[in-house]
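Contents: one structure, followed by commentary.
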Amino acid sequence: MQIDIQTRGLILTEELRVHVERRLQFTLSRFQDRVQRIAVCLSNADSSGAALHCDLHIHGKGWPDILIEDTEADIHVAINRAVSRAGRTLERQRLYGHLDSPS
């Protein structure tokens, strides 16, 4: 599972990068054979910086991409909520047979 992190209007500190990678690895590790790449974009949702945005774009083999977004005042909360939603979404897709079995 490849993780690509980009930022817009935020500085990607080592602490923030590690937080994103750890949350994704912990929550989505059971899907690592099905998920090829996760593109993460962290940004300011408005010019004041009061709302911070986390976009997850999950690419898999044989199923449509999954897009998850969350906006919060704290970027860590936005990341945590988006990753949790991604885990629930992938689990639902697996339960309903929409995710291909690993090759």
Side-chain angles (χ1 to χ4, degrees):
M1 179 168 61
Q2 178 185 346
I3 300 170
D4 297 322
I5 305 171
Q6 297 180 357
T7 60
R8 288 188 206 131
L10 296 174
I11 296 173
L12 182 61
T13 63
E14 182 66 13
E15 181 273 330
L16 190 56
R17 184 191 61 76
V18 167
H19 179 76
V20 170
E21 290 176 352
R22 282 187 181 160
R23 288 290 296 155
L24 286 168
Q25 291 291 344
F26 178 78
T27 304
L28 304 182
S29 63
R30 65 185 177 271
F31 303 107
Q32 67 185 4
D33 293 340
R34 294 177 178 100
V35 174
Q36 293 177 317
R37 186 170 78 87
I38 303 172
V40 180
C41 183
L42 306 174
S43 62
N44 283 323
D46 64 18
S47 59
S48 71
L52 302 170
H53 197 73
C54 176
D55 285 331
L56 302 179
H57 193 160
I58 303 169
H59 305 274
K61 189 174 190 177
W63 42 275
D65 291 354
I66 295 172
L67 302 171
I68 305 286
E69 301 177 8
D70 202 278
T71 302
E72 291 291 331
D74 181 332
I75 193 65
H76 292 87
V77 174
I79 293 164
N80 294 346
R81 286 176 42 146
V83 171
S84 292
R85 286 179 50 214
R88 290 192 305 271
T89 299
L90 286 170
E91 184 60 29
R92 264 193 321 274
Q93 295 297 321
R94 186 190 64 77
L95 287 173
Y96 292 114
H98 299 154
L99 296 183
D100 279 354
S101 313
S103 307

Testing the basics here: between [X] and [Y], what is the closest heavy-atom pair and its distance to 0.1 Å?
X	Y	answer
L10	S43	CD1-N, 3.7 Å
D74	H76	OD1-N, 2.8 Å
W63	R34	CZ2-O, 3.4 Å
R23	S84	NH2-OG, 3.4 Å

*Single-linkage hydrophobic cluster, 4.5 Å side-chain cutoff, L12 and V40 together*: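 Looking at the clustering, V40 is in the same group as L12.
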*Any chain of hydrophobic side-chain contacts (each under 4.5 Å) joining I68 to V77?*
no
*Apply side-chain hydrogen bond (donor to acceptor under 3.5 Å, both in side chains) to H53 and D55, showing your working.*
CA-CA 7 Å; H53 197 73; D55 285 331; 2.8 Å; yes
_Any carboxylate oxygen within less than 4.0 angstrom of a Lys/Arg side-chain nitrogen, looking at R85 and E69?_
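No, this pair does not count.
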*Start with the C-alpha gap between E14 and H19, add the side-chain angles, then the distance that decides, and say whether side-chain hydrogen bond (donor to acceptor under 3.5 Å, both in side chains) holds.*
CA-CA 9 Å; E14 182 66 13; H19 179 76; over 6 Å; no
Tell me, do [X] and [Y] make a side-chain contact under 4.5 Å, heavy atoms counted?
X	Y	answer
T13	V18	no
H59	I38	no
H57	C41	no
Q25	I3	yes
T71	L52	no

_Walk me through whether M1 and F31 qualify under side chain to side chain contact (heavy atoms under 4.5 Å, CB included)._
CA-CA 9 Å; M1 179 168 61; F31 303 107; over 6 Å; no
*Count the heavy atoms of every other residue, nucleotide or ligand shown that sit under 6.0 Å from CD of Q6, and state whether that count exceeds 12.*
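No, the 6.0 Å shell around CD holds no more than 12 heavy atoms from other groups.
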*If you draw a 6.0 Å radius around CZ in R22, do more than 12 non-hydrogen atoms from other residues or ligands fall strictly inside?*
no
*Would L56 and I79 count as a side chain to side chain contact (heavy atoms under 4.5 Å, CB included) if you check the C-alpha gap in whole Å, the side-chain angles of each, and the deciding distance to 0.1 Å?*
CA-CA 9 Å; L56 302 179; I79 293 164; over 6 Å; no
*Step by step, would you call R81 with C54 a side chain to side chain contact (heavy atoms under 4.5 Å, CB included)?*
CA-CA 9 Å; R81 286 176 42 146; C54 176; over 6 Å; no
*Begin with the C-alpha distance, continue with both residues' side-chain angles, and end with the deciding distance and a verdict on side chain to side chain contact (heavy atoms under 4.5 Å, CB included) for V83 and N80.*
CA-CA 5 Å; V83 171; N80 294 346; over 6 Å; no
*For the atom pair CG (L16) and OG1 (T7), what is the distance rounded to the nearest 0.5 Å?*
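It is 8.5 Å, given to the nearest 0.5 Å.
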*In Å and rounded to the nearest 0.5 Å, what is the CG to CG distance from L90 to L28?*
6.0 Å
*With R88 via salt bridge (Lys or Arg N to Asp or Glu O under 4.0 Å) - residues at least two apart*: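 R88 satisfies salt bridge (Lys or Arg N to Asp or Glu O under 4.0 Å) with no residue once adjacent residues are dropped.
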